[in-house]
**Student:** 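Can you read through this structure? Questions will come right after.
Numbered from 1 within each chain, the chains take letters A, B, ... in sequence-line order. Since the structure is predicted, the reported quantities are computational estimates derived from the model, not experimental observations.
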Amino acid sequence: MSGQADIEETIMIRNAHGPQVTIEIAEEHGLTKDEYQRLTDRLGRAPTYTELGIVGAMWSEHCSYKSSRVHLRTLPTEGERVIEGPGENAGVVDIGDGQAVVFKMESHNHPSFIEPYQGAATGVGGICRDVFTMGARPIALADCLRFGRPDSDRTRYLLGGVVAGIAGYGNSFGVANVAGDVKFDDSYDGNILVNAFCLGLARTERIFRGTARGEGNPVLYVGAKTGRDGIHGATMASAEFVAAGQDASVQSDADAKRPAVQVGDPFMEKLLLEACLELMESDVLVGIQDMGAAGLTSSAVEMAARAGSGIELELDNVPCREQGMTPYELMLSESQERMLMVVERGREEQAMAVFAKWDLDAAVIGRVTDSGRVVVRASGEVYADLPADLLADGVQYDRPTARPAYLDSVATFAVPERATSGAAVGEHLLALLSEPDIASKAWVYRQYDHNVRHGTVIRPGAADAGVVRIMRPQPQSGASAGEPAAKAIAISAGCQARHVYLAPYEGTRLVVAEAYANLVAVGARPIAVTNCLNFGNPEKPEIMWQLAESIRGLGDACRQLETPVVSGNVSLYNETDGVAIKPTPMVAMVGLLGDARAHTTMGFAGPDHEVAVLGALAGSLAGSEYLACIAGRVAGVPAPLDVAAHRPVFAAALAMIERGFLASAHDVSEGGLAVAIAESAIAGPESVGVEVKLEDALALGPEELLFGEAPARFVISFQSERRDAVMAIAREHGVRCSVVGRTGGKEISFDVGAFNFAIDLARAKTAYQRGFLRVVE
Amino acid sequence: MIIGVIRFPGSNCDDDAFHAVHRVLGPHGMSGRMIWHKDVDLGNIDALIVPGGFSYGDYLRCGAMAAHSPIMAAVKRFAEAGGPVLGICNGFQILCEAGLLEGALIRNQSLSFICEDVNCVVEGRPTPFTWAIPAGRHIHMSIAHSEGRYVHPDVASLEQRSQVIFRYCSADGEVTDRANPNGSMGNIAGVCNSAGNVVGLMPHPERAVENLLGAGGEDGRTLFESSLAYHRGRPARVGGWQ
């Protein structure tokens with residue numbers, strides 16, 4: 001192209017409906033001076049207002065991962081089961097039989113703080129679209145939620161709204177919500193976390209990707225009409241909440257940002273799902289991507305960038321909900337439940353017929369080019385003409401890091417005043433059971449449909465992980481005799497942010513180990529990981545250090561445990577008034593059970609079962625729930641993950657479960673051994689008492705023994721006749737397995753040398769079942 | 001025996017119902033057939049399920065839009081001719097809105113969605129879906145709804161006509177306030193029409209047909225086994241086929 005043509009093209013670009021772009025306006029769009037300079041250098045001119053909007057969204061932290069990408073690149077993303085790693089809408093993992101699971105986790109923190117119901121609802125909607133965009137039918141949801149101090153009115157309001165929003169969207173859309181966690185900490189007071197996970201099932205030969213291939217192929221818009229909702233959502237999610245001015249509050253900043261939150265329509269999404277899956281049965285579809293953050297802008301740019309092609313959009317054809325929307329607004333709207341697709345040229349009618357069947361709006365709004373550029377036209381004029389690669393990969397930083405000073409002050413701690421009697425220890429156990437972080441979350445999951453789609457094998461609250469049955473493909477006719485047993489997928493999602501705060505690298509490894517242990521406890525073999533990294537402002541070196549260390553820990557643990565990271569999401573700027581949240585790298589791990597029937601739950605199955613601890617008996621009080629709850633201190637360096645020592649424990653637990661020897665299995669985590677044993681006593685179909693004797697560990701204090709925390713420990717139970725077989729497996733793996741008690745009776749009793757105590761089972765149950773209600777009632 | 005399952009836009013338990021009758025009860029002589037809401041003919045079926053979900057998003061009153069779908073005229077003809085019709089959850093709401101069943105389902109007393117296990121005692125007149133279940137037996141199923149609180153202007157008359165078919169009860173079979181999950185009048189979980197061939201209930205029998213699943217056993221099979229026995233015109237052994 002000659003220089004002359006370049007100039008003509010530039011002149012043709014319209015800058016109507018917007019001011020002349022200046023550096024000030026660029027800064028309002030979140031661009032730094034350097035970034036603006038880079039943009040004008042590459043364009044050879046000033047951007048139009050529409051172009052600035054597009055660039056501001058694409059270069060936001062939310063869309064560009066500009067601060068984290070350099071670190072994320074170090075994660076292990078490959079494995080023999082991995083079909084699609086990070087970079088697509090969701091990760092894809094082979095589970096045999098021509099089937100694949102497709103999953104991802106994503107944050108909707110900022111919108112949920114501003115408007116909890118819609119913020120959380122659209123978070124669920126967005127993650128489900130990411131999954132079915134790939135050709136998978138969503139079959140399981142999980143949500144990880146973090147709120148501020150449990151005794152505040154604001155927490156009650158936000159928790160109620162978020163849970164209702166997740167329920168309102170997920171129940172209507174029709175996916176079982178089977179896992180996740182809810183925790184509270186002061187650091188989330190001004191910045192809650194709502195991380196939604198979705199897993200879908202696809203056939204390996206029908207995985208779809210977000211690529212715009214084939215010059216001349218039409219670009220289709222399908223789904224809800226575009227309105228002025230959610231404009232600047234991505235930019236909003238990439239900034240802190242601040243109290244602007246002396247009289248203003250964080251709440252007023254959040255209130256002012258409310259128009260940037262979208263409104264969800266699960267019914268529309270259900271229609272989109274069914275229509276997309278139906279269309280995917282044909283060979284009409286070339287590429288597909290949902291319009292999530294930064295709407296039409298990001299979907300068009302990413303589809304063109306992945307294919308190395310270009311896209312021309314004709315905005316006059318976009319179905320609109322409101323009149324007079326400018327190109328700027330159309331490109332940045334985050335109206336929900338919309339999809340962008342590229343179909344084979346000449347097959348438009350076939351696609352349109354499917355959408356008409358499902359009463360969906362659809363329109364051809366552009367075509368694929370080979371120009372490498374995203375061109376936006378309206379009313380016959382060009383409003384934007386930008387290189388796709390500049391938008392998709394234009395900015396990246398290796399930001400400075402600095403070890404935070406607080407780490408020195410929290411590195412050591414004095415053990416709090418020791419209990420002087422068994423009764424006092426018993427009261428501590430009751431206090432822990434009623435801690436909202438530990439107590440039953442039935443109030444939450446009772447509001448989620450956890451059974452829809454006839455797949456839920458293990459429901460929330462019954463075990464350390466949710467388990468969903470996977471029907472193997474229908475046998476061919478004539479081969480109906482002996483249908484093979486169904487498989488199952490297990491999901492664990494969560495994060496102990498206290499450990500990450502105290503030791504970002506080691507703490508994140510522990511988060512991975514915990515997810516691994518949760519899957520093992522239900523009898524699943526872990527296969528892959530997704531994550532959602534929630535941190536503060538990455539421009540602060542101390543926060544950036546937390547993030548970098550955490551990603552290093554995530555990578556090392558996943559490499560050592562052979563669970564590749566196949567998708568993920570980063571949420572930064574989780575700060576209010578300059579105060580960051582505790583670093584919270586949420587990890588969701590997925591495991592596979594070859595036979596769905598061979599699963600375990602955490603509750604003791606009945607009386608007269610032997611109870612044993614697999615793995616080390618005692619743990620450390622450093623960073624423990626006990627220290628936080630009883631002594632009000634968050635300090636110490638948590639007991640580290642030792643893969644060489646801990647992997648055999650996981651292997652032994654799996655062997656015991658897969659051979660059918662165990663009646664229950666429960667990972668020992670927050671609250672230590674005593675809490676795990678009490679939970680197993682409470683959680684069965686019929687609660688049952690337990691008598692525990694821990695005589696061979698008298699050298700330790702009762703606190704370390706009962707409430708200490710360490711990775712790779714399980715409370716297991718089995719019938720007496722299984723004892724020899726269980727012990728033999730432990731020996732084979734060279735791991736410790738200590739029989740510590742027997743189920744039965746109506747008490748949870750511990751005999752720990754001088755510290756004997758017994759708690760009435762009903763009392764423990766009440767503490768566990770009502771502990772959470774004090775947050776919501 | 002062929003059981004039709006209607007798919008409305010927003011139905012999300014259609015697949016659950018189809019799975020229960022076609023795959024789980026298939027070996028016992030049942031098969032399922034999906035029916036699109038825009039169709040005007042049910043085709044050759046022996047019984048019909050109006051499944052759960054959120055038809056049309058339930059943005060209006062639950063079931064109100066679906067009750068006016070093109071297929072509903074055929075459903076009414078089928079019901080008036082004595083064809084067995086089972087409405088589950090949203091399907092129950094749709095049948096009430098369509099005038100095929102009496103009463104209405106309003107917002108749960110707790111004002112929130114409830115997903116949990118319940119027990120229901122089976123009573124009332126014989127219906128195609130309960131006639132092989134001994135009266136007074138209670139069965140274990142799960143509920144999942146926001147609007148499941150049954151109301152009726154004259155519950156006593158409904159009871160006199162033996163049209164109350166399921167009531168929420170305790171694990172011991174006692175009909176108590178504590179066992180009532182949503183504030184339904186008289187603990188009513190399900191009813192039938194005056195002819196007895198149209199039944200609606202809020203709990204999900206189609207989710208309780210396999211012991212593998214965590215939704216609490218196989219009691220839901222008894223409804224489908226009843227309809228099979230009814231179709232074959234002979235009494236059934238309930239709770240397992242030998």
**Student:** Can you check whether anything in residues 36-51 of chain B gets within less than 4.5 Å of chain A, heavy-atom wise, and list it by number?
**Tutor:** Trp36(B), Lys38(B)
**Student:** Among residues 59-75 of chain B, which residues come closer than 4.5 Å to chain A, judged by heavy atom distances?
**Tutor:** Tyr59(B)
**Student:** Just verifying a value: how many Å separate Arg453(A) CZ and His19(B) NE2, rounded to the nearest 0.5 Å?
**Tutor:** 10.5 Å
**Student:** So, for Leu271(A) and Pro9(B), which heavy atoms are closest and what is the spacing to 0.1 Å?
**Tutor:** CD2-CB, 3.5 Å
**Student:** Heavy-atom cut-off 4.5 Å, strictly under: side chain, backbone, both or neither for Ala596(A) against chain B?
**Tutor:** both
**Student:** Between Met268(A), Glu269(A), Lys357(A), which shows the greatest number of heavy-atom pairs under 4.5 Å with chain B?
**Tutor:** Lys357(A)
**Student:** So that I can tick it off, tell me whether Arg459(A) and Asp117(B) are bridged by a salt bridge, with the cut-off set at under 4.0 angstrom between side-chain N and carboxylate O.
**Tutor:** yes
**Student:** Determine whether more than 12 heavy atoms belonging to other residues, nucleotides or ligands lie under 6.0 Å from atom CZ of Arg137(A).
**Tutor:** yes
**Student:** For Trp358(A), what residues pass the side-chain hydrogen bond (donor to acceptor under 3.5 Å, both in side chains) criterion, not counting sequence neighbours?
**Tutor:** Glu278(A)
**Student:** Strictly distance-based, threshold 3.5 Å: is any side-chain N or O of Asp16(B) a donor or acceptor partner for the main-chain N or O of His454(A)?
**Tutor:** yes
**Student:** Within the structure provided, determine whether Leu213(B) and Thr456(A) are in side-chain contact (heavy-atom separation under 4.5 Å).
**Tutor:** no
**Student:** Rounded to the nearest 0.5 Å, what's the gap from CZ on Phe267(A) to OH on Tyr56(B)? Could you check?
**Tutor:** 6.5 Å
**Student:** Are Arg207(B) and Val452(A) packed together at the side-chain level, in the sense that at least one heavy-atom pair is separated by less than 4.5 angstrom?
**Tutor:** yes
**Student:** With a 4.5 angstrom heavy-atom cut-off, which part of Ser146(B) approaches chain A: side chain, backbone, both or neither?
**Tutor:** neither
**Student:** Would you say Cys115(B) and Arg446(A) make side-chain contact, with heavy atoms under 4.5 Å?
**Tutor:** no
**Student:** Please report the shortest heavy-atom distance between Ala144(B) and Asp449(A), naming the atom on each side.
**Tutor:** CB-OD2, 3.6 Å
**Student:** If the condition is ring pair (Phe, Tyr, Trp, His ring centres under 6.0 Å), which residues does Tyr169(A) pass it with, not counting sequence neighbours?
**Tutor:** none
**Student:** Might you confirm whether atom CZ of Arg597(A) has over 12 heavy atoms from other residues, nucleotides or ligands at distances under 6.0 Å?
**Tutor:** no
**Student:** Is there a side-chain contact between Lys270(A) and Asn12(B) (heavy atoms, below 4.5 Å)?
**Tutor:** yes
**Student:** Please report the interatomic distance CD1(Ile143(B)) to CG(Asn451(A)), rounded to the nearest 0.5 Å.
**Tutor:** 11.0 Å
